[in-house]
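These notes concern the structure reproduced below.
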There are 2 protein chains.
Amino acid sequence: MVDTDSDGRRPVFAAERRQRILELVRANGAVSLRELAQAVQSSEVTVRRDLRALESEGLLNRHHGGATLPGDLNREASYVQKVALSSAEKSAIADLAASLVEDGDAIVIGPGTTTQEFARRLTRHAELAVVTNSLLVAQALANSPRIEVMLTGGTLRGPILALVGSAAERSLAGLRVRRAFISGNGLTAERGLSTPNMQVACVDQALAAAAEEVVVLADHTKIGIDAMVQTVSAEQIDHLVTDDAAPRDVLDELSGKGVRLHVAQI
Amino acid sequence: MVDTDSDGRRPVFAAERRQRILELVRANGAVSLRELAQAVQSSEVTVRRDLRALESEGLLNRHHGGATLPGDLNREASYVQKVALSSAEKSAIADLAASLVEDGDAIVIGPGTTTQEFARRLTRHAELAVVTNSLLVAQALANSPRIEVMLTGGTLRGPILALVGSAAERSLAGLRVRRAFISGNGLTAERGLSTPNMQVACVDQALAAAAEEVVVLADHTKIGIDAMVQTVSAEQIDHLVTDDAAPRDVLDELSGKGVRLHVAQI
DNA sequence: AGAGATTGGATCAGATTCGTTCAAATCCGG
DNA sequence: CCGGATTTGAACGAATCTGATCCAATCTCT
């Protein structure tokens with residue numbers, strides 16, 4: 001039975017109906033099943049079938065009670081989930097890196113989720129002096145009375161909560177500490193550590209320059225990757241702390257350039 | 001939010017509600033369960049379930065009474081501050097002080113729970129340049145792309161998450177902005193604004209010195225109180241933003257010294 | 001440190017929604 | 001004109017969502 005509508009209109013084809021549903025969802029962002037059924041003059045069962053078909057084509061997302069535009073809700077979620085994914089590796093790397101710190105040390109810590117995790121491990125140490133341009137690192141150490149935390153000045157880069165710019169670099173100029181613990185977005189033997197942002201790269205260089213030894217914290221997802229701007233060359237890196245899923249060949253290359261390897265077992 | 005159904009009372013999908021919750025937490029840094037339940041028009045039980053789901057995805061952190069941004073940034077500290085101390089007074093004072101800021105301004109903001117609340121109100125403004133020595137203020141503005149945030153350098157004072165010391169003062173030396181918004185622990189006509197900590201006082205002085213006009217944010221519990229170290233004298237204060245429970249006689253005295261009063265009605 | 005108050009977790013009940021099966025109607029080819 | 005295929009709608013059981021309540025856990029204040 002196809003629509004023996006009282007006023008005798010022609011039957012509405014399924015494709016038309018689905019198009020109509022799609023338009024409604026696109027226009028309103030989110031529409032309930034009931035509204036859709038009423039709008040296209042069909043039963044809820046039929047609309048449900050249409051929604052299932054449209055969802056399988058990726059044209060919308062179904063929810064209890066209706067449908068919404070796709071991608072509306074998951075945009076940033078996927079990023080955060082990705083970050084949370086490699087947390088086991090990050091944690092192991094942070095543990096291993098913390099063993100490179102001794103009581104009484106003066107160190108520099110750069111921004112990044114791994115270095116933040118690393119900073120949390122330092123609260124057990126005594127009489128540390130820590131310089132950082134990362135608000136997250138500073139926060140992680142704020143409640144440790146035996147650790148003196150100094151922040152560089154600078155312009156706040158919102159997404160990563162780190163300080164950049166000439167003021168940040170200037171405040172690191174006269175500084176000299178034992179080790180710098182920094183991270184980045186990619187690490188290869190040819191181009192060393194790299195990040196996609198110029199300002200961040202400049203500050204990372206300044207951080208590395210302030211230390212006698214440079215320690216890079218990088219999980220396996222970053223090894224072999226090359227981002228836009230080089231921060232420190234492989235020759236400048238003294239230690240690399242990573243996890244055992246890192247590609248062996250790249251590690252060997254780095255080792256050949258004088259980088260001492262510390263591989264965390266997951 | 002395309003929910004302009006007047007008659008519809010379309011059930012809000014769970015995903016929509018969670019998205020809304022996430023936005024609220026991101027916008028405010030920390031939100032209580034009660035506020036969230038009221039904001040999304042659901043029961044606290046439902047919100048609690050949503051928070052649990054969002055936390056499992058790493059999108060926020062749950063705490064007693066509410067939720068905060070992930071990453072420990074404004075961990076329990078700022079959350080407790082908000083819930084316990086975000087009295088109506090602070091909120092009203094922050095609102096009133098925000099009206100003293102215009103688009104395009106360059107301002108300085110000092111540390112304190114009231115100034116932090118004030119900073120949150122600024123996210124609506126465009127093209128602001130903000131200098132602060134408070135990590136909490138910086139964090140409150142971190143997600144506002146149209147606001148340039150600069151932090152002073154300096155040594156981190158853990159309990160209040162502010163930067164102090166000579167480095168902080170030095171980085172303010174060559175600076176000149178229109179207004180400084182600062183707070184303190186006590187305010188009298190005789191001794192002006194005062195705090196119990198010497199280092200904090202020194203930086204507050206530097207903050208005030210960097211601005212053409214000094215605006216003090218102080219709720220009634222601080223008016224008439226005198227703390228150990230004077231930061232700025234009453235004569236240096238151009239504006240006072242307070243609430244209507246402040247003792248009238250002190251206000252009159254301050255007014256006599258040239259302080260313009262802005263009294264928030266609770 | 002303990003009492004009171006607040007908050008969180010778990011279970012249960014009510015309601016809504018979803019999926020599936022089945023019957024009826026239409027379209028098409030013969 | 002008739003039978004198969006497809007589509008639509010109805011009905012029923014299953015799953016999900018929401019909110020209330022009770023009890024344990026946590027926090028605050030004295």
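Values below: all heavy atoms of this structure, side chains included; hydrogens, waters and symmetry mates excluded. All figures in this text were calculated on a predicted structure; none of them were measured in a lab. Below, read A as the first sequence line, B as the second, and so on, with proteins coming before strands; counting in each chain starts at 1.
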Checklist entry - Any idea which of D/dT18, D/dT8, C/dT17 is nearest the A/Arg17 side chain? => result D/dT8
Checklist entry - Tell me: CZ of B/Phe13 to C1' of D/dT18, nearest whole Å? => result 15 Å
Checklist entry - Between A/Glu44 (CD) and D/dA11 (P), how many Å, whole number? => result 13 Å
Checklist entry - What is the distance, rounded to the nearest whole Å, between atom NE2 of B/His63 and atom P of C/dG9? => result 13 Å
Checklist entry - Roughly, in whole Å, what's the span from CG in B/Leu51 to P in C/dT7? => result 14 Å
Checklist outcome for this item: Separation of D/dT8 atom P from A/Asp50 atom CG, nearest Å, is 7 Å
Item to check | Phosphate contact (C/dG19 OP1 or OP2) by A/Arg62 side-chain N/O below 4.0 Å | outcome: yes
Checklist outcome for this item: Heavy-atom nearest pair, B/Gly154 first then B/Leu163, reads O-CD2, 3.8 Å
Checklist entry - Between C/dG9 atom C1' and B/Leu33 atom CG, what is the distance in whole Å? => result 13 Å
Item to check | Euclidean distance, atom CG of residue B/Leu36 to atom C1' of D/dG19 [Å, nearest integer] | outcome: 17 Å
Checklist entry - Between D/dG19, C/dT20, C/dC18, which one does the side chain of A/Val45 approach most closely? => result C/dT20
Checklist entry - In this structure, which one of B/Asp243, B/Asp244, B/Thr242 forms a side-chain hydrogen bond (donor to acceptor under 3.5 Å, both in side chains) with B/His220? => result B/Asp243
Checklist entry - Between B/Arg52 and B/Glu55, is there a side-chain N and carboxylate O pair less than 4.0 Å apart? => result no
Checklist entry - Is A/Arg48 side chain donor-acceptor paired with the D/dG9 base, going by distance under 3.5 Å alone? => result no
Next on the checklist: Please confirm whether the shortest side-chain N or O distance from A/Ser43 to OP1 or OP2 of D/dT8 is below 4.0 Å.
Outcome noted: no
Checklist entry - Are B/Asn197 and B/Thr195 linked by a side-chain donor-acceptor pair shorter than 3.5 Å? => result no
Next on the checklist: For a quick test of reading the model: is some side-chain N or O of B/Arg49 closer than 4.0 Å to OP1 or OP2 of D/dG19?
Outcome noted: no
Next on the checklist: Output the rounded distance in Å from NE2 (A/His64) to C1' (D/dA14).
Outcome noted: 11 Å
Item to check | Presence of salt bridge, B/Arg20 and B/Glu16, under 4.0 angstrom | outcome: no
Checklist entry - Within the modelled atom types, does a donor on one side and an acceptor on the other bring the side chain of A/Arg52 and the base of C/dG19 under 3.5 Å apart? => result no
